[in-house]
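One structure is given below, encoded as C-alpha cells.
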Number of protein chains: 2
Amino acid sequence: MKRNTWQREAVREALSRTEGFVSAQALHASLRGTGSEVGLATVYRALADLAQEGEADSLVQEGESLYRACTPGSHHHHLICRSCGTAVEISADPVEAWARQVAAEHGFTRPEHVVDVFGLCPECSASADETASD
Amino acid sequence: MKRNTWQREAVREALSRTEGFVSAQALHASLRGTGSEVGLATVYRALADLAQEGEADSLVQEGESLYRACTPGSHHHHLICRSCGTAVEISADPVEAWARQVAAEHGFTRPEHVVDVFGLCPECSASADETASD
DNA sequence: TGCTACCTGAGAACGGTTCTCATGGTGCGA
DNA sequence: TCGCACCATGAGAACCGTTCTCAGGTAGCA
C-alpha cells in the first residue's frame with residue numbers, strides 16, 4: 001500500500017498552494033525555503049505519483065516537466081500564461097470530438113491528444129503593454 | 001549570411017527521406033550509417049535552423065526532441081503514430097478558432113496552441129490486433 | 001512494542017542537448 | 001583565379017533535468 005509520509009503530504013500541499021504550473025526543481029526549492037527538508041528525488045517521486053493518480057497534471061516545456069494540482073477524474077486542458085505560469089482549466093469538448101474524427105479519418109486507432117493553449121494572462125498582458133509603451 | 005555546406009544539406013536530405021518524426025540522435029546515427037561523417041553538434045544546429053526557418057516541425061516526446069520535414073509556411077498539426085512515428089499533416093481550423101475564442105474569453109492575449117493527436121496508424125493497429133489475438 | 005517492507009535522501013549516474021575553441025572551408029572581392 | 005575574412009564544423013567537455021542506488025529511517029500492522 002501507499003504510505004502517508006509528511007514528505008509526500010508536503011509536496012501535495014505545496015503543489016496545491018501553487019497557482020500555475022511549477023517545475024519539480026522549483027517546488028523542491030520552495031519546500032526547502034519553508035523549512036521542509038525534503039529530498040529532490042522524493043519530490044520527483046511524489047509528483048510522478050500524483051500525476052499517475054490523476055491528482056496532478058503535467059506538461060513538458062523547454063525540456064522541463066511542469067506540474068499543477070488539478071481536479072481528479074476530470075479530463076480537461078489548460079490555458080497557460082507564458083509569462084507567469086498561471087493556468088486555467090478549460091474543457092475542450094469540441095476538440096475531443098475533432099481529434100477522434102481526424103484519427104478515424106486516417107484509420108488511426110486509440111487516439112489521444114495533446115492540447116494546450118498558451119498566451120499572456122490579463123495581468124501579464126497589461127505589464128507587457130506598459131513595457132512596450134516605454 | 002547562411003552558408004551552404006554539405007553537412008547542412010545532408011541533414012536536410014536525411015530529414016526529408018524520413019517518413020515520421022525522428023530524434024536528432026537517430027538522424028545523426030542514420031547519417032553516420034550512410035557514410036556521412038557529420039558531427040552530432042552540427043546535426044543539432046542544422047535541425048534547430050530548419051525548425052526556425054519553418055522547414056521542419058519539432059515536438060518533444062519523453063524528453064527527446066523529434067523533428068520532421070514539413071511544408072514551409074503552412075500552419076498545421078500532426079497525427080502521429082505512437083508506435084512507428086509515422087506522421088500525417090492535418091489542418092485544424094476548428095481548433096484554431098476554438099483556441100482563439102477560449103483565450104479571449106479568459107482575457108488571454110497572444111494565444112498560441114499546442115495540438116497533436118497521437119494514435120496507432122492502420123499498419124500498427126493491425127500488428128497490435130495480431131499480437132493481442134495471440 | 002517489535003517486525004518488516006516500503007520510503008527517504010544524498011549523491012552518483014544517466015541521457016539528451018548545448019557550449020567551447022581550434023581548425024577548416026565557404027563566399028566574396030580583387 | 002587567388003587571398004582574405006569570417007562563419008561552420010566537430011570532438012569532447014559541460015550542463016541540466018531526471019532517475020537510480022543503497023543504506024538508514026519509519027509507517028503500518030499484529
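The basis for the numbers below is simple: all heavy atoms, side chains too, and nothing from hydrogens, waters or symmetry mates. Throughout, a chain's letter reflects where its sequence line sits, starting with A, and its residues are numbered from 1.
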A/R32 side chain near C/dG9 phosphate (N/O to OP1/OP2, under 4.0 Å): no
Spacing of B/R8 atom CZ relative to C/dT26 atom C1', expressed in whole Å: 12 Å
A/R68/A/E89 ion pair, N-O < 4.0 Å: yes
What pairs of donor and acceptor atoms, side-chain ones from residues 98-106 of chain A against any protein atom, are under 3.5 angstrom apart with sequence neighbours left out?
residue	atom	partner	partner atom	Å
A/Q101	NE2	A/E105	OE2	2.9
A/H106	ND1	A/V102	O	3.0

Members besides A/L120 in its Ile/Leu/Val/Met/Phe/Trp/Tyr cluster (side-chain heavy atoms under 4.5 Å): none
Partners meeting salt bridge (charged side-chain N to carboxylate O under 4.0 Å, His left out) with B/E19 (sequence neighbours left out): none
Residues forming a salt bridge (charged side-chain N to carboxylate O under 4.0 Å, His left out) with B/R110, sequence neighbours excluded: none
D/dT19 phosphate, OP1 or OP2, under 4.0 Å from A/Y44 side-chain N/O: no
d(CD, A/E64; C1', C/dG15) in whole Å: 16 Å
A/E62 CD - D/dT18 P separation (whole Å): 12 Å
Value in whole Å for how far the P atom of C/dG11 lies from CD of A/E37: 12 Å
Heavy-atom pair with the smallest gap, counting every atom of A/F108 and B/I80: CE2-C, 3.7 Å
C/dG9 OP1/OP2 closer than 4.0 Å to side-chain N/O of A/Q7: yes
Polar atoms only, N or O, under 3.5 Å: list the protein pairs with nucleotides 20-27 of chain D and their distances.
residue	atom	partner	partner atom	Å
D/dT26	O2	A/R3	NH1	3.3
D/dA27	N3	A/R3	NH2	3.4

Interatomic distance, A/E9 CD vs C/dT8 P [rounded to whole Å]: 12 Å
Whole-Å gap separating P (D/dG17) and OH (A/Y67): 13 Å
Length of the CG-P vector between A/D49 and C/dC6, whole Å: 14 Å
Value in whole Å for how far the P atom of C/dT18 lies from CD of B/Q52: 12 Å
Degree of bending, the helix from C/dT1-D/dA30 to C/dA30-D/dT1 (end axes from five pairs; round to 10°): 30°
Sub-4.0 Å heavy-atom contacts from residues 12-28 of chain A onto DNA chain D, ordered by number: A/Q25
Remaining members of the apolar cluster that contains A/Y44, side-chain heavy atoms under 4.5 Å: A/L40
B/S125 (side chain) donor-acceptor with B/C121 (main chain) under 3.5 angstrom: yes
Pairs involving residues 66-85 of chain B, ordered by first then second residue, that meet ring pair (Phe, Tyr, Trp, His ring centres under 6.0 Å) (sequence neighbours left out): B/F21-B/H78, B/H75-B/H77, B/H75-B/H113, B/H76-B/H78, B/H77-B/H113
Pairing residues for B/A26 by the side chain to side chain contact (heavy atoms under 4.5 Å, CB included) criterion, not counting sequence neighbours: B/S23
Set of salt bridge (charged side-chain N to carboxylate O under 4.0 Å, His left out) partners for B/E112, sequence neighbours left out: A/R82
Short side-chain N/O contact to D/dT18 OP1/OP2 from A/S65, under 4.0 Å: yes
Sequence-distant partners of B/R45, salt bridge (charged side-chain N to carboxylate O under 4.0 Å, His left out), two or more places apart: none
